[in-house]
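What follows is a short report on a single structure.
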Amino acid sequence: MIPCPSCRKASVEGPVCQACNADLRLPLLLDRLGRMCFNRALELLKEGDLTGAENQLCAACALMPLRPEAHRALGKLRAQSGRLGAAVVDLNLAHRLAPEDADAIAALAEVQRLARRERWMLLAVPVALVVLTVGGAVLLLALS
């Protein structure tokens, strides 16, 4: 089954979509290439090659843009690498493509929570520095 790029309905792998009669030969070829990239990414992850795996997952997402599994895997990989903003984008897309996907929902919620925490920390550090600077200046004035 592949999603038809014209009507987005799942279609049995064949030359035409059963719902709208769109030509599926090119989407089928791209889907096969995308699955090859996705499987290669999984192999590279097992070998510990995160950069190679990310490159293969990006290719899989480009070749299979309507399939959520590549976007979900790319989002998780980017989250593990600490790139939370990019991970949120990927996981959000995976969730929109498959709203019932519990794994994508859970991963998206966790990454959004971590991204909020990271943003809060980035905003809190300058405020803390200002407070410490002002407090130090007040202390120096009080001692002199």
Per the side-chain hydrogen bond (donor to acceptor under 3.5 Å, both in side chains) rule, which among Arg83, Arg78, His95 passes with Asp90?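 Going through Arg83, Arg78, His95 one by one, the side-chain hydrogen bond (donor to acceptor under 3.5 Å, both in side chains) with Asp90 is satisfied by Arg78 alone.
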Does one hydrophobic cluster hold both [X] and [Y], with members joined at side-chain heavy-atom distances below 4.5 Å?
| X | Y | result |
| --- | --- | --- |
| Leu66 | Leu63 | no |
| Leu26 | Leu33 | yes |
| Leu77 | Leu91 | no |

Counting C-beta onward and ignoring hydrogens, is there a side-chain heavy-atom pair between [X] and [Y] closer than 4.5 Å?
| X | Y | result |
| --- | --- | --- |
| Lys76 | Asp103 | yes |
| Arg67 | Asp31 | yes |
| Leu42 | Lys46 | no |

Within this structure, what is the [atom1]-[atom2] distance for the pair [X] and [Y], rounded to the nearest 0.5 Å?
| X | Y | atom1 | atom2 | value |
| --- | --- | --- | --- | --- |
| Arg113 | Arg116 | CZ | CZ | 8.5 Å |
| Asn92 | His71 | CG | NE2 | 11.5 Å |
| Glu110 | Leu114 | CD | CG | 4.5 Å |
| Arg72 | Leu57 | CZ | CG | 11.0 Å |

What's the shortest heavy-atom distance between [X] and [Y], and which atoms?
| X | Y | result |
| --- | --- | --- |
| Ala79 | Val111 | CB-CG2, 3.6 Å |
| Leu50 | Leu45 | CD2-CD2, 3.8 Å |
| Met64 | Phe38 | CE-CB, 4.4 Å |
| Cys4 | Leu24 | SG-CD2, 4.2 Å |
| Ile105 | Pro99 | CD1-O, 3.3 Å |
| Cys61 | Leu74 | SG-CD2, 4.0 Å |

